[in-house]
Amino acid sequence: MSGGYRQLLDATIGHLESLKQQGVHHVYASPELLNILKQPKFAPDSLSENQGEQSRSTLQVIAKPKVGNSIYDSPRLGVDDKNSAMSIIKQEILTIEKSPELLASKANLVFGSGNLEADLMLIGEAPGEEEDKAGIPFVGRAGQLLTKILLAANFDRENVYIANIVKYRPDTLGQVFGNRKPRPDEIKFWFPYLDRQIEIIQPKVIVALGATALGGLLGNMTTGITKLRGKWQSYRSVPVMPTFHPSYLLRNQSWAVKRQVWEDMLQVMERLNMPISEKQRGYFLR
Ligand code: URA
């Protein structure tokens, strides 16, 4: 049995044990889910088999490059299966041995939140201080602005799914305030978990919030977010709309930048065949 498969099995058993302790005696798993679980790509293959055991369970491990096939080729799961599959990934993350930096910073897992059947998935960079405390992405100042933008576009947080590439707040040891950007090795390590979340949700559209999220999805990004925003990209057949990160909007209050983000959201609404009012079309026009 491979190390990766063993780890998945342990995570699954751990999860089922904890459900049992909470009084749950039956778990629904459809034939599709059982089939997916049998496939190696659903196992924690983010850690390449031949990279050796030395680093398998540490956060420094370099993840295997993602599979490039369309996410829509995977079976579409029902909501119960999506829940089970997400719980397995979450449990798997919780079993990863933390790096000394993460242990020291006592960061909490910020896995992702929202509707597993969402048409729209939003992807950010990494949790900040507020998200770390709450265990929920985008709840700080940038998150509140994101929630407003979503509401203006007729979405609420209950009908979208929001996740970050990096699942723990990057440590800021010795730093008095603020957050730091995740390093490339952190992005590379965590990306496969996000990839699996995307595969489970199978959204119709992804909004990439800022350069880090977009860079994670597109791989080598030679063109900056300023040039790419507003132009459809694609990740494993999912249309991706790059836009500015809400924290950039907090720093740059210009009407023109607000309008740009809004135009990106209008494109998302159009792509999802949502009705758009004249009033909505005119927001932030001067
Ligand atoms: N910024 C992000 O990229 N993600 C969060 O969850 C919060 C702030």
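We're numbering straight along the sequence, starting at 1. As the structure lists them, so they are numbered: ligands from 1, and atoms in each ligand from 1.
- Of all protein heavy atoms, the one closest to atom 2 (C) of ligand 1 is A126 O, 3.1 Å.
- Note on ligand 1: G140 sits outside its first shell, no heavy atom being nearer than 4.0 Å.
- Per-residue contacts place E125 under 4.0 angstrom from the following atoms of ligand 1 (heavy atoms of the residue considered): 2 (C), 3 (O).
- A salt bridge links K181 to E125: at least one charged side-chain nitrogen sits closer than 4.0 Å to a carboxylate oxygen.
- Side-chain contact annotation: D264 with T243, donor-acceptor N/O pair under 3.5 Å present.
- Remark: ligand 1 atoms within the under-4.0 Å shell around heavy atoms of G124 are 3 (O).
- Counting only N and O atoms by type, the side chains of Y168 and D132 include no donor and acceptor under 3.5 Å apart.
- Taking the charged nitrogens against the carboxylate oxygens, E186 and R180 do have a contact shorter than 4.0 Å, which makes a salt bridge.
- Those atoms of ligand 1 that come under 4.0 Å of a heavy atom in P137, given as number and element, are 6 (O).
- For H245, the closest heavy-atom approach to ligand 1 falls below 4.0 Å.
- The residue among L146, T212, N164, V166 with a heavy atom at the shortest distance from atom 4 (N) of ligand 1 is N164.
- On a distance-only criterion, F138 and ligand 1 share at least one N/O pair closer than 3.5 Å.
- No side-chain donor from either of Q280 and W262 sits under 3.5 Å from a side-chain acceptor of the other.
- With hydrogens and angles left out, the side-chain atoms of K167 and Q197 include a donor and acceptor closer than 3.5 Å.
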